[in-house]
Amino acid sequence: MSTETRTPPERAGAREWTALAVLGVPAVLVMMNMSVLYLALPTLSRDLDPSAPQLLWITDIYGFMVAGSLITMGRFGDRIGHRRILLAGAGAFTAASVFAAYANSAELLVTARAIQGVAAASLAPSSLSVIRDLFRNPEQRTLAITIWMLSFMGGGALGPLVGGVLLQYFWWGSVFLVTVPAMLVLLLTVPFLVRETRPAGTGRPDLVSAAMTLVTPLAIVYGIKNLAVDGFGPSSLGFVALGLVVGAAFVWRQRRLATPLLDLSLFRVPAFAVSAGGMIVVGMLLFSTSLLTSQYLQLVLGFEPLEAGLWQLPTAVGGSIVALWVSGLTARFQPAVLMSAGAAFAVLGPVMLTQVDDGPGFLVAGSLFLFAGLTPFMALGTGLVVGAAPAERSGAASAVSETGAELGGALGIATLGSVAAAVYGSYMADHMPQGVPADLTGPAGETLPAALEAARQLPGELGSALTATARAAFTQSLHVHALVLIPLLLALSGLTLTLRRRQGQAPKVQTPADDRAADPASAAD
């Protein structure tokens, strides 16, 4: 169905496009803040000496706090104004970045990353809501959202390069300080480029529901982490059960509130449901794979941070090119078809990763195919979510899309990362070289950085044997990780097509006439 109207909406001018460029800053920084950390993990591990669970918390607490706070921040933006929330979040993110840069223990770094996550949660939904208001013309809005999503990919591309340069010449904390100048630019320019908008009729945000959105993922993941380390036990299973019960209570509560934190009726819109559900899976696959490949380049192949960043550049650049290409294909193909085809194509990625052995070729090719194949979900899914919701729910709806990606990323690092850690630990237990002291076998069997540090304390051949064994164990964990991705990608592709065929039968959310006319999701009807 065409999105043309008898009276075309007002087209954006230079001020709006300049504002879009500024709004791309938080998108770049949020993604960069994740990718630079992956490169910093080896040096960070040497300085702070985190345990295996602490190392996972350092990497994924940020994503969980983002995911658990996005919907709340989106609703706050709907109520008190998205520009106000955007500026407050930028200020808090800047302060938390300085805190993270100078953290002198694993516990303090986890705390700083958690604060960063809450602050970052205010940036994405507010930016998307502002973009929706700035770009009333549906074609311009679709292009603007695509460009905004490319900012995330640009952050992924810049992160390894910027992080590599900083880690080459400075300490690991510098990767957090790099965000400070860019955030200051945002704080200084947004008040002059973006007007405040606050739709009428938004109720008071429900703080109980907000707490539930944090408790649910944190309890589940804490339990999963313990399962991976200690096996099945009452404590681990109890935390998983607690998270599931709180999650079910959250759904029950939203159905009964007059003004819910999350309007579950939005999920009856097929474009919304496909995008939100797909984003979770996409986040799981991409974030967990990025973590493993970054560590492989540095810790297994021995590349310096800058060199590792350069090897990761083709993945980000390739994804950006595919995003622009896919945006043009929407005139000929329905979004769900493009997303399904991309997920099927992405299977080539893990197939390549299963062949990784003593070189970067298959690793880079596998990452490129996986990222390129999943790009349609990121490039098109966000636009479908934003267009499917009425204006008074734009902040919360925008947050759902970002929540899916961030929650998926954190879940991927926690669950798939825990699987990889378990494979590594099992391999090391079976192949630990004879003669390694008992006080070193425990840490060496938990993480590759700990094993390499232990190897430095051992004499010649024994140290070399431990290094080779640990690197082989990590390679084995990467292969198993890749095998797990294949059925997930095939299921994602098939489910997208199934939901697409049912799209015409699903109920629609009531929207104002001008929002229906400018609804990008209508192009998929």
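From a predicted model like this one, the values you see are computed outputs, not experimental measurements. All residue numbers in this chain count up from 1 along the given sequence.
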Min side-chain heavy-atom separation L109-W172 under 4.5 Å:
yes

Any side-chain heavy atom of L478 sitting closer than 4.5 Å to one from L363?
yes

For a quick test of reading the model, state the closest non-hydrogen atom pair linking F93 to Q116 and the distance between them.
CD1-O, 3.7 Å

Any non-hydrogen side-chain atom of R113 less than 4.5 Å from a side-chain atom of F176?
yes

Could you work out, with side chain to side chain donor-acceptor pair (under 3.5 Å) as the rule, every residue matching Q476, not counting sequence neighbours?
none

Please check: side-chain N/O of T111 versus main-chain N/O of E107, any donor-acceptor pairing under 3.5 Å?
yes

Tell me every residue that passes side chain to side chain contact (heavy atoms under 4.5 Å, CB included) with Q355, counting only those two or more places apart in sequence or in another chain.
F362

In residues 339-353, what donor-acceptor pairs under 3.5 Å come from side-chain atoms, sequence neighbours left out?
from: S340; atom 1: OG; to: S493; atom 2: O; distance (Å): 2.9
from: S340; atom 1: OG; to: S493; atom 2: OG; distance (Å): 3.0

Taking every heavy atom of T216 against every heavy atom of G243, the minimum-distance pair comes out as CG2-O, 3.4 Å

Heavy-atom side-chain contact between V281 and L495 under 4.5 Å
no

Taking every non-hydrogen atom, the tightest pair across Y424 and S477:
N-CB, 4.2 Å

Answer whether the closest heavy-atom distance between the side chains of T441 and M428 falls below 4.5 Å.
no

Closest heavy-atom contact between I61 and A114?
CG1-CB, 3.9 Å

List the atom of A372, the atom of P376, and the distance in Å for their closest heavy-atom pair.
O-CD, 3.5 Å

Within the 4.5 Å heavy-atom criterion, are S97 and L177 side-chain neighbours or not?
no

Please find the pair of heavy atoms, one from G89 and one from A119, that lie closest to each other, and give the distance.
O-CB, 3.6 Å

Backbone N or O of V364 within a donor-acceptor pair of the S367 side chain at under 3.5 Å?
no

Please round to the nearest 0.5 Å and tell me the distance separating atom OG1 of T375 and atom CG of L286.
7.5 Å

Starting at CE of M432, measure out to OH of Y427 and round the result to the nearest 0.5 Å.
11.5 Å

Sub-4.5 Å side-chain heavy-atom contact between L452 and L466
no

For L244, give me all partners under side chain to side chain contact (heavy atoms under 4.5 Å, CB included), at least two apart in sequence or on another chain.
I220, V240

Using the rule given for side-chain contact (heavy atoms from CB on, under 4.5 Å), can you reason through T496 versus V337, listing the C-alpha separation, both sets of side-chain angles and the distance that settles it, and then say yes or no?
CA-CA 8 Å; T496 303; V337 173; over 6 Å; no

Taken in chain and number order and not counting sequence neighbours, the residues that satisfy ring-ring contact (aromatic ring centres under 6.0 Å, His included) with Y102 are W171

Report the residues that fulfil side chain to side chain donor-acceptor pair (under 3.5 Å) with T289, sequence neighbours left out, ordered by chain and then residue number.
H481

Side-chain donor or acceptor of R471 paired with backbone N/O of L299 under 3.5 Å:
yes

Check: V208 and R253 side chains under 4.5 Å, non-hydrogen atoms
yes

Separation between CG (L448) and CZ (F474), nearest 0.5 Å, reads 6.0 Å

